[in-house]
Amino acid sequence: GNGYVVLTVSQGAKAIQLAKAHPVSVAVVDYEMPEMNGHEVAMALKRIRPALPVIMVSGHPSVPPEVLRDVDFFLPKCSGQRRLSELIDTFVRC
């Protein structure tokens with residue numbers, strides 16, 4: 001958590017519900033998720049809160065360019081937890 005309150009869910013629809021109910025500072029989504037993919041979740045989150053930073057992570061070998069345009073940052077899973085923590089810190093401080 002690095003000092004942050006972290007809300008976690010495994011389904012996109014639940015992530016959207018959390019973003020509606022809580023003051024979320026940054027969202028981290030996986031490209032491949034059950035029911036809704038990370039792109040669909042990111043777009044829904046941006047409709048709810050246009051200024052919400054969305055970081056997408058993925059181990060998928062090729063994420064379509066149109067998906068990358070709809071998120072604020074893309075991070076390959078191989079980049080590690082430390083890089084993700086640094087990104088979250090950057091977005092929360094802005």
Side-chain angles (χ1 to χ4, degrees):
N2 290 346
Y4 300 115
V5 174
V6 179
L7 306 171
T8 61
V9 295
S10 61
Q11 296 174 340
K14 289 183 180 180
I16 295 163
Q17 289 173 342
L18 279 178
K20 287 179 180 177
H22 299 278
V24 178
S25 298
V26 73
V28 179
V29 299
D30 195 336
Y31 177 62
E32 293 184 12
M33 299 171 60
E35 297 179 12
M36 298 175 74
N37 67 38
H39 185 224
E40 294 166 324
V41 174
M43 291 181 63
L45 292 172
K46 290 290 192 177
R47 281 192 296 275
I48 296 165
R49 296 187 184 177
L52 177 67
V54 177
I55 300 169
M56 179 176 283
V57 296
S58 182
H60 197 274
S62 60
V63 175
E66 61 271 13
V67 172
L68 300 178
R69 285 192 297 266
D70 292 329
V71 297
D72 296 284
F73 201 89
F74 175 80
L75 186 66
K77 282 189 179 178
C78 63
S79 297
Q81 181 65 36
R82 182 177 176 167
R83 181 65 179 128
L84 178 59
S85 294
E86 291 169 354
L87 280 171
I88 292 169
D89 288 343
T90 299
F91 281 118
V92 169
R93 280 189 253 136
C94 290

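- Side-chain heavy atoms closer than 4.5 Å link hydrophobic residues (I, L, V, M, F, W, Y) into clusters, and following such links, even through other members, never connects V57 to V24.
- Annotation: K46, atom NZ; neighbour count of heavy atoms from other residues, nucleotides and ligands within 6.0 Å is above 12.
- Partner of I55 under the side-chain contact (heavy atoms from CB on, under 4.5 Å) criterion, out of T90, V29, V71, I88: I88 alone.
- By the rule that hydrophobic residues join a cluster once side-chain heavy atoms approach within less than 4.5 Å of another member, I48 and M36 end up as members of one cluster.
- For the pair D30/K77, a side-chain contact is recorded, criterion being any heavy-atom separation below 4.5 Å from C-beta on.
- Using a 4.5 Å heavy-atom threshold, the side chains of K20 and I16 count as touching.
- Closest approach of M33 to Q11, counting heavy atoms only: CE-C, 4.0 Å.
- The nearest pair of heavy atoms linking P53 to D72 is CA-OD2, 3.2 Å.
- The two residues A15 and V41 come nearest to each other via the heavy atoms CB-CG1, 4.3 Å.
- The shortest distance between side-chain heavy atoms of S58 and F74 falls below 4.5 Å.
- Cluster annotation: L18 and L52 are assigned to distinct hydrophobic clusters (Ile/Leu/Val/Met/Phe/Trp/Tyr, side-chain heavy-atom contacts under 4.5 Å, transitive).
- Side chain of R83 to backbone of L75: no donor-acceptor contact under 3.5 angstrom is found.
- Linking ILVMFWY residues whenever their side-chain heavy atoms come closer than 4.5 Å, directly or via other members, leaves M43 and V54 in distinct clusters.
- Linking Ile, Leu, Val, Met, Phe, Trp and Tyr residues whenever their side-chain heavy atoms come within less than 4.5 Å places F73 and V92 in a single cluster.
- Minimum heavy-atom separation, D70 to E66: OD2-O, 3.2 Å.
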